[in-house]
Amino acid sequence: MLVYKVLIVDDEMIVRHAVKSLIRWDDSRFEYAGSAANGAAALEMVQRTEPDIVITDIKMSEMDGLELIKLLMKSSFAGEVLVLSNYNDFDLVREALRCGAHDYMLKLTLKTETFMATLEEIALKLDRKHDNSTRNLLHDTGQKNTKTVVEEWLREMDAGPVAHGEQAGRKALLDVLSGPPSLHAYAFCIHILNNSSRGQEVSRYQEKLRQIAEGLFPANHGLYVVSAEPGRFLMLIVSPVPTAEGSFPNPGELAQRIKGLSKIYYDMEICVIYGNPVADYEGISGQIRLNKAADYLSFYNKYQENGICNGGAAVQSEDDQEFKALEIQLKNSLRHSSGTEIDLWLEGASVLIRAAAELRIPPNSVKRAIIGGVWSIANSNIISREAAWNETWWIEQIEAAPTDSQLMLIIQDMHDEVMNMIGRNPGQKFMREEIRQANTYLEKHFSERVFISEVAAHVGFSEPYLCQVFKAETGSSILTRLNEIRMMKAYEMLSSGNYLIKQVAMEVGIPDPFYFNRLFKKKFGVAPKTVKNIQSDKMDNFKNE
């Protein structure tokens, strides 16, 4: 069993002694390397004593723990860092974890048992580093090591049918899976939602994901993280099978923890596609294929919000009867006349997109249906032949839409452009009673999912006739008016300073935060988050007058 040297760094002598007394030196695999009162002294001791584990305070004079960690990571130090902190140091701790620290512990809650368990976890991590280093040194330099072979196999599996790398990948995985102890594997596909991972960013994201996985599987026998394409990573973890008293960790819970830790430690918003634990080559390769097949679910805000989905539960079927019925309904909406068809088509497209998320329909099928409507509009009498409408540009935008939120915004913008080209009446001074009733209905039900058919039934008009008359008398479509009501209510709520943006979006019937933000900015010219500041400035100016 390998023995690891420990260096303790804190600017208070009493704390250094307390930490030293918590470690059971005599009956453990740890050896005391010394202590230091600040980061500068610690660096000198690292050079002289070559410790494997550095336990450091985060706030110190002369050189704090954060700077110490940064310099250690840039040096030849190959060990691990454990951070000690107080309750109010969370921002500094997060930065320390980003810089490469293994974990942190609160000073006031330190106890021997939990402290020793954390040190043992670090020791297992160092064991793996030592094993990998030894294997690499002993390995024939003309031949790839197991880790490289498995990672190349992962990329090939994700890209499509495995060719030349399949035999080598199978052998490497079988070597890793060979017991004792009995092992099983977890496969994850991870999408980075809020960052670009091109170029040099790839290695940084890989390392962050690897550190998270090592924390969740400290006793793993193999951990592989590879970049499949920009913003997307594959993770495979081989871990011992639990004892008879234990049970397999729930893969959904593990995916949720990976998502949560990514946000807490690295401020990364991710979507995780997970699979069930498997114990053989066929099971692993099959689960990777299932995860790949479920990739398209990250297109939908519904799954981005939740952040995790089961690769085995994805249904890629264009024959879903409910979706087909909605697709036919969308086509039929353009058969109406008198300039109302574009309103009905927009509503039908919105319903189709929401249903596609629930039914897990591949995005290409949804886009195909929407593009079919664009071609129909271009070849109909909705827009006069003299008007130069560039439908090709809109089709390209639809095809390139990365999420359903973006797709909704694109078709909303296209609808507005077509409505402007058709021309609108500025409105009339005396509004028909039915239109007043329709407007009242929208104001009363704006927080719900409102359908044109419901409004039409409420006022006793057919849908096409209601759309025609409403636009003629108000100068806008029903859906445009509904969004105006929602945005006005949202501004009112945000101005009060009593609501979070996410709460407001839900209250006004637009639960998709991206779509809500874009509609709000389009209406008022500012982002929702700025409203509170604007109101605060107005109040200050009023007081100063």
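Just so we're clear, the structure is a prediction, and the values are computed from it rather than from any experiment. Count residues from 1 along the sequence.
The existence of a salt bridge linking Lys125 and Glu121 is excluded, since no basic side-chain nitrogen approaches an acidic carboxylate oxygen closer than 4.0 Å. Under 4.0 Å is where a charged nitrogen must lie from a carboxylate oxygen, and between Asp404 and Arg354 no such pair does. At a threshold of 4.0 Å, the pair Arg24-Glu113 counts as salt-bridged, since one of the basic side-chain nitrogens sits closer than that to a carboxylate oxygen. We find that Glu207 and Arg210 are joined by a salt bridge, their nearest charged nitrogen and carboxylate oxygen being less than 4.0 Å apart. Taking the charged nitrogens against the carboxylate oxygens, Asp10 and Lys59 have no contact shorter than 4.0 Å, which rules out a salt bridge. Between Arg170 and Glu282 there is a salt bridge, with a side-chain nitrogen of the basic residue lying less than 4.0 Å from a carboxylate oxygen of the acidic one. Ion pairing of Lys147 with Glu151 is present here, as a side-chain N (NZ or NE/NH1/NH2) and a carboxylate O approach within less than 4.0 Å. Between Asp11 and Arg16 there is no salt bridge, since none of the side-chain N atoms of the basic residue sits less than 4.0 Å from a carboxylate O of the acidic one. A salt bridge does not link Glu399 with Lys367: every distance from a Lys NZ or Arg NE/NH1/NH2 to an Asp or Glu carboxylate oxygen is 4.0 Å or more.
Applying the 6.0 Å contact sphere to CE of Met506 captures no more than 12 heavy atoms from other residues, nucleotides or ligands. Around atom CG of Asp27, more than 12 heavy atoms belonging to other residues, nucleotides or ligands sit under 6.0 Å away. Enclosure of atom CZ in Phe77 by more than 12 non-hydrogen atoms of other residues, nucleotides or ligands within 6.0 angstrom is indicated. No more than 12 heavy atoms of other residues, nucleotides or ligands lie within 6.0 Å of NZ in Lys521, so this atom counts as exposed by the packing criterion.
Contact between Val226 and Gln206 at its shortest, heavy atoms only, is CA-NE2, 3.4 Å. When all heavy atoms are compared, the tightest approach of Leu126 to Ala78 is CD2-O, 4.2 Å. Ala101 and Val83 get closest at one heavy-atom pair: CB-CG2, 3.8 Å. Nearest heavy atoms, Ile69 versus Cys99: CG2-CB, 4.0 Å.
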Q: Kindly determine whether His184 and Tyr186 satisfy ring-ring contact (aromatic ring centres under 6.0 Å, His included), including the steps that lead there.
A: CA-CA 7 Å; His184 67 284; Tyr186 286 94; 5.1 Å; yes
(Q) Using side-chain contact (heavy atoms from CB on, under 4.5 Å), reason through Gln287 and Ile284 one step at a time and then give a plain yes or no. (A) CA-CA 5 Å; Gln287 188 57 63; Ile284 295 173; 6.0 Å; no
Q.
Is there a side-chain contact (heavy atoms from CB on, under 4.5 Å) between Lys111 and Leu22? Walk through the geometry before answering.
A. CA-CA 7 Å; Lys111 294 181 180 179; Leu22 287 171; 5.8 Å; no
Q: Decide yes or no on side-chain contact (heavy atoms from CB on, under 4.5 Å) for Leu119 and Phe30, but give the supporting numbers first.
A: CA-CA 9 Å; Leu119 288 179; Phe30 305 106; 3.5 Å; yes
Q: Go through the steps to decide whether Asp295 and Ile273 satisfy the test side-chain contact (heavy atoms from CB on, under 4.5 Å), and finish with yes or no.
A: CA-CA 7 Å; Asp295 255 358; Ile273 300 169; 3.6 Å; yes
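Of the residues Arg94, Gln211, Lys208, Arg98, the one that meets the side chain to side chain donor-acceptor pair (under 3.5 Å) test with Tyr266 is Gln211.
Side-chain atoms of Glu31 never come within 3.5 Å of backbone atoms of Tyr4 as a donor-acceptor pair (strictly under, hydrogens ignored). Side chain of Thr49 to backbone of Met45: a donor-acceptor contact under 3.5 angstrom is found. For the pair Tyr296 (side chain) and Arg360 (backbone), a donor-acceptor distance under 3.5 Å is present. At distances below 3.5 Å, at least one donor-acceptor pair connects side-chain atoms of Asn220 with backbone N or O atoms of Phe217. Between the side chain of Thr109 and the backbone N or O of Met105, no donor-acceptor pair lies under 3.5 Å. In this structure, the side chain of Arg29 engages the main chain of Leu2 through a donor-acceptor pair within 3.5 Å. A donor-acceptor pair under 3.5 Å is absent between the side-chain atoms of Tyr104 and the main chain of Ala96, judged by distance alone.
The shortest side-chain heavy-atom distance between Phe115 and Leu82 falls under the 4.5 Å cut-off. No side-chain heavy atom of Leu177 sits under 4.5 Å from any side-chain heavy atom of Asp280.
The six-membered or imidazole ring of Tyr224 lies away from that of Trp153, with a centre-to-centre distance of 6.0 Å or more.
Between the CG atom of Leu173 and the CG atom of Leu236 there is a distance of 6.5 Å, given to the nearest 0.5 Å.
By the 6.0 Å and 45° rule, Lys5 does not stack over the aromatic ring of Tyr32.
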